[in-house]
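The figures that follow rest on heavy atoms only: side chains count, while hydrogens, waters and symmetry mates do not. Lettering of chains follows the sequences in order, A, B, ..., and the numbering in each one begins at 1. Predicted model, so just to flag it, every value in this text is computed and none were measured.
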Amino acid sequence: MQFPPVEEQLALIRRGVEKIVPENELAEKLKQSRDSGKPLRVKYGIDPTGVDLHLGHTVPMRKMRQFQELGHQAVIIIGNYTALVGDPSGRDETRARLTAEQVEANAVDYLNQLSKVLDLDKAEVVRNGDWFSAMNFAEMLELCSKVTVAQLLTRDDFSQRFKEETAIYLHECLYPIMQAWDSVKIAADIELGGTEQLYSFMLARDLQRDQKMSCQIGVMSPILVGLDGIRRMGKSLGNYIGIGESAYEMMKKFMQVPDDCMKMYFELLTDLPLDQVDGLLAGHPKEAKTTLAKTIITEYHDAAHADEAAARWQREIGGGGLPADIPVATISRADLKEEAVPAAILLKLAGLCQSTGEARRSIKQGGAYIGEDKQRIEQDQTITPENGMMLWVGKKRFCRLEVSD
RNA sequence: GGGGGAAUUCCAGAGCGGCCAAAUGGGCCAGACUGUAAAUCUGGUGGCGAAGCCUUCGCAGGUUCGAAUCCUGCUUCCCCCA
């Protein structure tokens, strides 16, 4: 196996990486691998907890793909056993636990999604249940005896929870130990993950050293911020872009990302050369953002869909024209007490508002409109519903009426 | 095993007999401003074809003219001591 020169590899690996620990050993590992023609074993573990992967997950996954492109061996660990615990990293509370059935269903689904970013044919995929389910209690005791409580409490998240007197369960303490043991079982040279994984990564080195193995190097990506530009991208925060979303959904979300985050997104989510990125960022922000969106959307769909999504966004949202597909709301004459109904009632019947109270509020605040030309609906206005009538609440909710008898 | 504390509207968190559909902050929705981005500012944020009425403060009872607030039991959670 012929690998690119070490410096070249390092340059690619360092892109968008926050921390490499220990930094100085990486070049050495790469050199040994190049000299011997033996690929490095690069570990990335994922717990099949949720269902939908989002761009935040793809940051280490993309890093893995870069390693694959350099010729190294990807080892994907499906944490079907660690998922039963729940990763406490960066959390201020205990995670909900899953059943084995849920985990297995998620695992299959995850592999499917992973294949959008990684070349799974060239990757080793293993489940950590393979070794943990076979472990007996004595072996587990042996493993636990390698770690002290004081070590565990050096972790920020645990020590903070300890101080704040929120619960820390014993099984959570096992999580980093299990994750570290995975590294031993697969003989990892490198582990990929976010910066919050530091503790587990270091523990893996300790266990590997204890087993007289070569110690892994942690390559840690920064945490991707979500659409709000402040908090980490996460499903529970609702500020994410899922990799299974449609091109247009992605487009809409990308365009509402704060400008300040673009650089991070370019660096972590695309392969565009960084000097080219700087050039884009020096130009009009909207252009840069559109390029960003199209580049990433192309990865999950294709260039044609990306262009189409961008054009549609410009037409409907950027330009203020009529949306391309307008949902149709069917209302029945039977629901109407008379021909002309109060506007609030109509908005609720059309499904634009969840309650008449909400509809009243929207109207009162000038956020409800009628007709192709978006005439503002006045308070106390009554409307005679007609087929094809356009109704709006705010900028994003709209529909065309269909009146049935 | 013993002791202490807590459960409030989407979330966090006030309220501790009537002035409570319930402070404040976050989120969310709308308006203004913009590049229909973000930030900022303003308003809103249980339901009812809206007068007034109805349902909400862990669950079930009780005391009171009146209870989110007091009492009893139950459930769940947290902390401390052993």
Side-chain angles (χ1 to χ4, degrees), chain A residues 91-97 160-170 172 225-231 233-241 248 250-266 280-281 283-294 310 312-323 331-370 374-385 391-398:
Chain A
R91 289 231 148 198
D92 54 8
E93 56 185 38
T94 308
R95 272 181 195 262
R97 297 178 58 206
Q160 195 183 336
R161 280 164 63 178
F162 192 71
K163 269 188 228 135
E164 286 174 1
E165 305 188 332
T166 51
I168 301 171
Y169 289 89
L170 200 52
E172 295 183 84
V225 297
L227 302 179
D228 52 18
I230 300 165
R231 295 171 301 176
M233 184 175 282
K235 188 161 191 189
S236 55
L237 296 173
N239 60 353
Y240 69 101
I241 299 178
Y248 187 56
M250 287 185 175
M251 190 72 208
K252 281 197 286 194
K253 289 187 177 181
F254 273 120
M255 293 311 280
Q256 61 165 308
V257 168
D259 291 355
D260 297 344
C261 302
M262 283 199 281
K263 184 167 176 137
M264 184 188 216
Y265 276 42
F266 269 120
L280 279 166
L281 291 176
H284 195 294
K286 194 176 167 188
E287 293 305 315
K289 209 174 283 179
T290 306
T291 306
L292 172 72
K294 279 161 75 169
R312 184 173 160 199
W313 183 88
Q314 179 55 37
R315 186 172 65 245
E316 295 180 14
I317 298 177
L322 272 182
I331 62 171
S332 165
R333 290 217 188 274
D335 293 332
L336 310 175
K337 290 190 179 170
E338 59 275 307
E339 285 278 297
V341 296
I345 303 300
L346 184 60
L347 292 178
K348 187 197 162 196
L349 286 175
L352 292 178
C353 293
Q354 300 212 318
S355 65
T356 54
E358 188 190 323
R360 276 165 208 283
R361 273 177 242 131
S362 297
I363 294 168
K364 188 176 170 194
Q365 303 196 110
Y369 315 87
I370 183 169
K374 289 189 84 167
Q375 291 289 315
R376 189 165 272 182
I377 297 175
E378 302 297 328
Q379 283 191 69
D380 301 323
Q381 185 172 338
T382 56
I383 297 169
T384 307
L391 292 172
W392 272 272
V393 173
K395 298 176 180 95
K396 297 171 203 128
R397 276 177 285 167
F398 48 80

Complementary nucleotide for [N] - Watson-Crick or wobble, under 3.5 Å:
{"N": "B:A6", "value": "B:U76"}
{"N": "B:U40", "value": "B:A32"}
{"N": "B:A50", "value": "none"}
{"N": "B:U64", "value": "none"}
{"N": "B:G1", "value": "B:C81"}
{"N": "B:C19", "value": "none"}

[X] [atom1] to [N] [atom2]: how many Å, rounded?
{"X": "A:Asp380", "N": "B:A50", "atom1": "CG", "atom2": "C1'", "answer": "11 Å"}
{"X": "A:Lys364", "N": "B:C29", "atom1": "NZ", "atom2": "C1'", "answer": "14 Å"}
{"X": "A:Lys252", "N": "B:U36", "atom1": "NZ", "atom2": "C1'", "answer": "13 Å"}
{"X": "A:Arg231", "N": "B:G27", "atom1": "CZ", "atom2": "P", "answer": "7 Å"}
{"X": "A:Gln354", "N": "B:C28", "atom1": "CD", "atom2": "P", "answer": "16 Å"}
{"X": "A:Asn239", "N": "B:C28", "atom1": "CG", "atom2": "C1'", "answer": "14 Å"}

Measure all distances between protein nitrogen or oxygen atoms and nitrogen or oxygen atoms of nucleotides 37-42 of chain B, and list the pairs falling under 3.5 Å.
unit_1, atom_1, unit_2, atom_2, d
B:A37, O2', A:Met255, O, 3.4
B:A37, O2', A:Gln256, O, 2.6
B:A37, N1, A:Asp259, OD2, 3.4
B:A37, N3, A:Asp259, OD1, 3.4

When the [atom1] atoms of [M] and [N] are compared, how many Å lie between them, rounded to an integer?
{"N": "B:A51", "M": "B:C19", "atom1": "C1'", "result": "22 Å"}
{"N": "B:G31", "M": "B:A23", "atom1": "P", "result": "25 Å"}
{"N": "B:A6", "M": "B:A68", "atom1": "C1'", "result": "15 Å"}
{"N": "B:U42", "M": "B:C48", "atom1": "P", "result": "29 Å"}
{"N": "B:A30", "M": "B:G47", "atom1": "P", "result": "16 Å"}
{"N": "B:U9", "M": "B:G58", "atom1": "C1'", "result": "14 Å"}
{"N": "B:A7", "M": "B:A12", "atom1": "C1'", "result": "14 Å"}
{"N": "B:U76", "M": "B:G66", "atom1": "P", "result": "32 Å"}

*Please test A:Thr290 against A:Met251 for side chain to side chain contact (heavy atoms under 4.5 Å, CB included), starting from the C-alpha separation and ending with a verdict.*
CA-CA 8 Å; A:Thr290 306; A:Met251 190 72 208; 4.2 Å; yes
*Going by heavy atoms in the side chains, are A:Leu349 and A:Leu336 under 4.5 Å from each other?*
yes
*Taking the side chain as every heavy atom from C-beta outward, state whether A:Phe254 and A:Trp313 have any atom pair closer than 4.5 Å.*
no
_Which residue is it: A:Ile377, A:Leu391, A:Thr382? I am looking for the one with a side-chain contact (heavy atoms from CB on, under 4.5 Å) to A:Leu346._
A:Leu391
*Distance in Å, A:Thr356 OG1 paired with A:Arg361 CZ, rounded so as to fall on 0.5 Å steps*: 9.0 Å
*Taking atom CD of A:Gln365 and atom CD of A:Gln379, what is their separation to the nearest 0.5 Å?*
9.5 Å
*With respect to the phosphate group of B:G47, does any side-chain polar atom (N or O) of A:Lys348 fall under 4.0 Å of OP1 or OP2?*
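Answer no for this pair, as no side-chain N or O of A:Lys348 is under 4.0 Å from OP1 or OP2.
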*Find which nucleotide of RNA chain B each of A:Ser355 and A:His284 is nearest to by heavy atoms, and output the residue with the more 5' nucleotide.*
A:His284
_Residue mapping more 5' on RNA chain B - nearest nucleotide basis, A:Leu336 or A:Lys374_ = A:Lys374
*Between A:Lys374 and A:Gly394, which heavy-atom pair has the shortest distance, and what is it?*
NZ-O, 4.2 Å
[X] side chain to [Y] main-chain N or O, any donor-acceptor pair under 3.5 Å?
{"X": "A:Glu358", "Y": "A:Gln354", "result": "yes"}
{"X": "A:Lys253", "Y": "A:Tyr240", "result": "yes"}
{"X": "A:Arg360", "Y": "A:Ala344", "result": "no"}

_Starting the side chain at C-beta, find the nucleotide from B:G49, B:G35, B:G43 nearest to A:Gln365._
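The listed nucleotide nearest to A:Gln365's side chain is B:G43.
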_Among B:G47, B:C29, B:G49, which nucleotide has an atom closest to any side-chain atom of A:Arg397?_
B:C29
_What's A:Asp335 touching, base or sugar-phosphate or nothing? Going by heavy atoms closer than 4.0 Å._
base
*Please work out if A:Arg376 contacts a base, only the sugar-phosphate, or nothing of the nucleic acid, heavy-atom cut-off 4.0 Å.*
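Sugar-phosphate contact only - A:Arg376 comes under 4.0 Å of backbone atoms but never of a base.
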_Quick check on contacts: within residues 356-363 of chain A, what sits under 4.0 Å from RNA chain B by heavy-atom distance?_
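Result for residues 356-363 of chain A: A:Thr356, A:Gly357, A:Arg360, A:Arg361, sorted by number.
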*Please walk me through it: do A:Ile363 and A:Leu347 pass side chain to side chain contact (heavy atoms under 4.5 Å, CB included)?*
CA-CA 10 Å; A:Ile363 294 168; A:Leu347 292 178; 3.9 Å; yes
